[in-house]
Novice: 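Input: one structure, supplied below.
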Amino acid sequence: MEQAVKTEECRRDVETGHKLTGEIPEVVRRLAASCGTSDCFDHVSPVPIPSRESVVEIIQSVRRILFPGYFTQTKIDLLNLEYYLGQEVTTLFQQLSTQIVWSIRHDCFRYEQACSQCSETGQEKALQFIQSLPEIRSVLATDIRAAYEGDPASYGFDEIIFSYPGLFSVTVYRMAHRLYELEVPLLPRIMTEYAHSQTGIDIHPGAEIGESFFIDHGTGVVIGETTRIGNRVRLYQGVTLGALSLPREAGQLLRAKKRHPTIEDEVIIYSGATILGGDTVIGARSIIGGNVWLTESVPPDTKVMLKTPELVFIGHRTGDGHG
Amino acid sequence: MEQAVKTEECRRDVETGHKLTGEIPEVVRRLAASCGTSDCFDHVSPVPIPSRESVVEIIQSVRRILFPGYFTQTKIDLLNLEYYLGQEVTTLFQQLSTQIVWSIRHDCFRYEQACSQCSETGQEKALQFIQSLPEIRSVLATDIRAAYEGDPASYGFDEIIFSYPGLFSVTVYRMAHRLYELEVPLLPRIMTEYAHSQTGIDIHPGAEIGESFFIDHGTGVVIGETTRIGNRVRLYQGVTLGALSLPREAGQLLRAKKRHPTIEDEVIIYSGATILGGDTVIGARSIIGGNVWLTESVPPDTKVMLKTPELVFIGHRTGDGHG
Amino acid sequence: MEQAVKTEECRRDVETGHKLTGEIPEVVRRLAASCGTSDCFDHVSPVPIPSRESVVEIIQSVRRILFPGYFTQTKIDLLNLEYYLGQEVTTLFQQLSTQIVWSIRHDCFRYEQACSQCSETGQEKALQFIQSLPEIRSVLATDIRAAYEGDPASYGFDEIIFSYPGLFSVTVYRMAHRLYELEVPLLPRIMTEYAHSQTGIDIHPGAEIGESFFIDHGTGVVIGETTRIGNRVRLYQGVTLGALSLPREAGQLLRAKKRHPTIEDEVIIYSGATILGGDTVIGARSIIGGNVWLTESVPPDTKVMLKTPELVFIGHRTGDGHG
């Protein structure tokens, strides 16, 4: 009997399957028809596009080169170090060249520009990026030291390199910013958005950030495209360095203008503070307290805090014998 | 000598290993014994369960269908577009059917309901979902245009589609919401929580959201289950559209009631603002400033801002010759 | 003709490639030279290091053991449950032993301590961890019930276990805290930072947290190293339990002191609230309102809220006939 039920169920299943898959071609036709209309964003073209997976591999390769031995199970010692680096850098050059060439070609195709030298330009930019790696490494060394000094919970440099999201996001930002300077399209933002998805820290590749930079905890931090940050600055979670609110129509006019603040050397900004506007300058060595909302400049050596807000205390269970 | 030390160390190691693994069966016994008691949540049953990995594959498949050519290295041109879509949609139908059937069966099993037609129902819902894809695509096209218009840092539609977390989370929400409307259990929330883990944007699949919706940056955004959002609304990072605080005991009574606010057309809500309560309505075209905390309605065409909080400025290093 | 252009382009490409790769050895030399200087953090040594990938596998293995049947497609029933657990626990023991031994060895190597018994110690700690699993499971059962009771949007325990980021982060924290108690270096923080990257919830493994703990939504939550949290406490997104601001120089002196607050039983803390300082105690059953900033203690049974901030309402489009 049970067997009969199972067989019946199975037969109905197959029939349903057949009936329903018969409906699929009609949906496919509608989907294909909407391509090329304003109802659909498609990328139907013979030009290959940059791949997020490759960008993530590039980030990991750069980290292995910048911090040799930390992110690989390969045994590295002083004897094989140069071979190890040689192999990693060569692979990186090939992979990065491909992605840069594709990004440039994609842009040419999109904006109908000539692309006679996309390939050479792409390879040259990849080399220029790689030639910057020693410099990026030495700036990151200052960032790591700043993390150790700024965080009493840190037990050592290794812990910072292995696990701190602030260092990860700043590492990716420093790569992406170099590619942004080299005017590589698309890749820099894909990189920083990958770091954003891993850390909750959203740094636009266009921002300019000095050495010994430390972001603690970090979730919710936003640093806008035209922000300028000096040396030895420290931020906590939830800090926004953003643009002032815009009238609905003005958005497009503001592209490429300085819309985000300037933070001078040795400033500390505590959690949840929001600093907005392209003319806003936070002077050197100033301290911005938690949750402060600032749209105007602050002179150097100043401490800005919210006036302690009035709190309402209500004894909500007094006298009920609880506890 | 060193060899002797090594051998000794190795011998001790093996002995320790043997001694310690001898303790494992006792732990396994205790772990097995606690299954079926209130000390353990287990899912010991012959019914297969929905798989997070498959749900992630479904999300990626839907994105490839909605935005052809963006998330694949396959070369797509107008000649092979329909074949490409046909293949993707067929695979999606099979994978989604399986997961929906499993979700429905799982629920029947959990709540001891009859499941005579789980399989047919599941396949029908999968087809209904797929038939909604053209409509989801055209709503997403309005979201992409809204992102481009709302963000002066955006350089083009491609960058938005490749890398904006706001668009990713809204894409996943629009799929999940359709499955929620089709009363598919479990899958919708697994989908939106995946997007939450990738973006920091937490949209409940039950929320109702109109077209041309844009979330900028997005980390920390929370949009509750019974929220209603009109057309052309823009949100920034850290915005909460939530429920009012509940007495500890009332939680269960509130299920399925409208507990979250209504946001009418063309409202802008700046970073960190919190709007709470099922009766709270933000009227059309209103602007809610950063960090505002609202538990009551706002009429249309209104701007609500925090009264500039008093800031305390202290010259914390004046006259010490620093700098 | 076109063919000729292509060939020419191809020839130039290859030449560029040759020319540019000729520059790579010089960069490699500079990168290798900076290793061992203060410009570079490297880990050039024959000692293997803990691997993030393995740590993620350990987390997944522990979840499969704690919640049998939820995170695997293997069919588990009461008959094979003990075999299933036996196999999982044995594999976990081996993998965890290896990672703990590597972490301890790594620390010995870094701080030039003797490591005569690293291997035995590591295996013993792995066993002690595994022996704690039944207890961790029963505490997590209280956390799951607290989530169900605290969230009117939850439809059942399965949804919580499959998809709630709060439960995921607390599960990982409870593992990591046990390893922290066992004084395992590096691994606990790698674990909690993995959970942080998945959920936006940053719990230091050193924090002490009682049973029936629930974090709703969770993005942006920070719980510092020396925080103490009682039983039946509930937190919402964006809550910080942190340290008071430090003078720039004092960071190192504060290591290992109690710098973070104490939260007693049954406290509720709403979204965006910040509570700072090692002497700050929030008394039992107190409720802390959204966005409150607290640096002093609160007695039991107290409700603390921001005094409703003055809002400025501006009719920004009144009379323009819009809408």
Side-chain angles (χ1 to χ4, degrees), chain B residues 9 12-13 16-17 20-21 23-25 27-28 30-32 34-35 38-46 48-49 51-52 110 186 189-190 193 196-197 200 202 204 219-220 222 224-225 238 240 242-243 245-246 251-252 254-255 259 274 284-285 287 292-293 300-307, chain C residues 65 67-70 73 75-78 81-82 85-86 89-90 93 119-120 123-124 127 130-131 133-134 137-138 141 144 149-153 156-159 161-165 198-200 217 219-220 237-238 270-272 290-291 306 309-318 322-323:
Chain B
E9 197 185 309
R12 268 210 329 261
D13 244 41
T16 311
L20 296 180
T21 49
E23 309 278 339
I24 288 179
V27 185
V28 171
R30 277 161 61 208
L31 285 166
S34 96
C35 288
S38 67
D39 257 18
C40 173
F41 284 88
D42 56 64
H43 198 288
V44 174
S45 92
I49 50 167
S51 137
R52 190 180 190 260
R110 262 326 199 205
L186 286 169
R189 184 68 183 265
I190 295 178
E193 286 298 347
H196 184 191
S197 81
D202 178 359
H204 194 285
T219 310
V222 173
E225 183 180 19
T240 293
S245 68
L246 328 158
Q252 298 310 305
L254 289 168
R255 289 183 199 280
R259 307 181 305 279
T274 300
R285 298 168 303 279
I287 295 174
V292 163
W293 183 274
D301 300 301
T302 308
K303 196 169 174 175
V304 184
M305 302 172 68
L306 279 190
K307 196 179 153 182
Chain C
I65 293 166
F67 306 116
Y70 276 99
Q73 293 303 321
K75 285 193 187 174
I76 301 172
D77 54 37
L78 283 174
L81 178 63
E82 202 161 328
L85 287 172
V89 171
T90 306
F93 174 70
S119 183
E120 279 162 291
Q123 290 188 67
E124 272 157 24
L127 180 67
I130 281 170
Q131 287 173 325
L133 287 177
R137 181 194 270 174
S138 72
I144 293 167
E149 280 156 26
D151 178 11
F157 297 125
D158 292 335
E159 191 186 49
I161 295 168
F162 277 132
S163 67
Y164 275 37
Q198 296 296 301
T199 64
H217 307 299
T219 310
Q237 69 271 21
Y270 284 102
S271 66
N291 286 5
L306 280 190
E310 260 178 273
L311 296 177
V312 185
F313 290 78
I314 308 166
H316 69 106
R317 287 202 197 174
T318 46
H322 203 105

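In what follows, chains are A, B, ... by sequence order, proteins preceding strands, each numbered from 1.
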Novice: Relative to chain B, which segment of C:Leu78 carries a heavy atom at a distance below 4.5 Å: side chain, backbone, both, or neither?
Specialist: both

Novice: If you round to the nearest 0.5 Å, how far is CD1 of B:Ile24 from OG1 of C:Thr90?
Specialist: 5.0 Å

Novice: Evaluate side-chain contact (heavy atoms from CB on, under 4.5 Å) for C:Asn291 paired with B:Trp293, printing each intermediate quantity in order.
Specialist: CA-CA 9 Å; C:Asn291 286 5; B:Trp293 183 274; 3.9 Å; yes

Novice: Quick check for you: to the nearest 0.5 Å, what is the distance between B:Ile49 atom CD1 and C:Asp158 atom CG?
Specialist: 8.5 Å

Novice: Could you give me the CA-CA distance, side-chain angles and deciding distance for B:Phe41 and C:Phe67, then say whether ring pair (Phe, Tyr, Trp, His ring centres under 6.0 Å) is met?
Specialist: CA-CA 6 Å; B:Phe41 284 88; C:Phe67 306 116; 7.5 Å; no

Novice: With a 4.5 angstrom heavy-atom cut-off, is it the side chain or the backbone of C:Gln237 that approaches chain B, or both, or neither?
Specialist: side chain

Novice: Kindly give the heavy-atom pair with the smallest separation between B:Cys40 and C:Ala141, and that separation in Å.
Specialist: N-CB, 4.3 Å

Novice: Does any heavy atom of chain B fall under 4.5 Å from the side chain of C:Ile130, the backbone, both, or neither of them?
Specialist: both

Novice: For the residue pair B:Ser197 and C:Gln198, what are the closest heavy atoms and their distance?
Specialist: CB-O, 2.9 Å

Novice: Can you tell which part of B:Ile190 gets under 4.5 Å to a heavy atom of chain C, answering side chain, backbone, both or neither?
Specialist: both

Novice: Rounded to the nearest 0.5 Å, what's the gap from NE2 on C:His217 to OG1 on B:Thr240? Could you check?
Specialist: 7.5 Å

Novice: Which pair of heavy atoms, one from B:Arg30 and one from C:Gln131, lies closest together, and at what distance?
Specialist: NH2-O, 3.5 Å

Novice: Tell me the closest heavy-atom pair linking B:Leu20 and C:Leu127, and the distance in Å.
Specialist: CD2-CD2, 3.6 Å

Novice: Taking only residues two or more places apart in sequence or in another chain, which ones pass ring pair (Phe, Tyr, Trp, His ring centres under 6.0 Å) with C:Phe93?
Specialist: none

Novice: At a heavy-atom separation under 4.5 Å, does B:Val304 approach chain C through its side chain, its backbone, both, or neither?
Specialist: both

Novice: Side chain, backbone, both or neither: which part of C:Ile161 has a non-hydrogen atom closer than 4.5 Å to chain B?
Specialist: side chain

Novice: Quick check on the interface: out of C:Glu120, C:Glu124, C:Glu159, who has the most heavy-atom pairs with chain B under 4.5 Å?
Specialist: C:Glu120

Novice: Hey, what's the ring geometry for C:Phe162 with B:His43, parallel, tilted or perpendicular (30° and 60° as the breaks)?
Specialist: tilted

Novice: Tell me, please, which residues at least two apart from C:Thr219 pass side chain to side chain donor-acceptor pair (under 3.5 Å).
Specialist: B:His196

Novice: Look up atom OG in B:Ser34 and atom CG in C:Leu133, then write down how far apart they are to the nearest 0.5 Å.
Specialist: 10.5 Å

Novice: Kindly indicate whether the side chain of C:Glu82, heavy atoms from C-beta on, has any atom under 4.5 Å from the side chain of B:Pro25.
Specialist: no

Novice: Could you tell me if the side chain of B:Leu31 sits less than 4.5 Å from the side chain of C:Ile65, heavy atoms only?
Specialist: yes

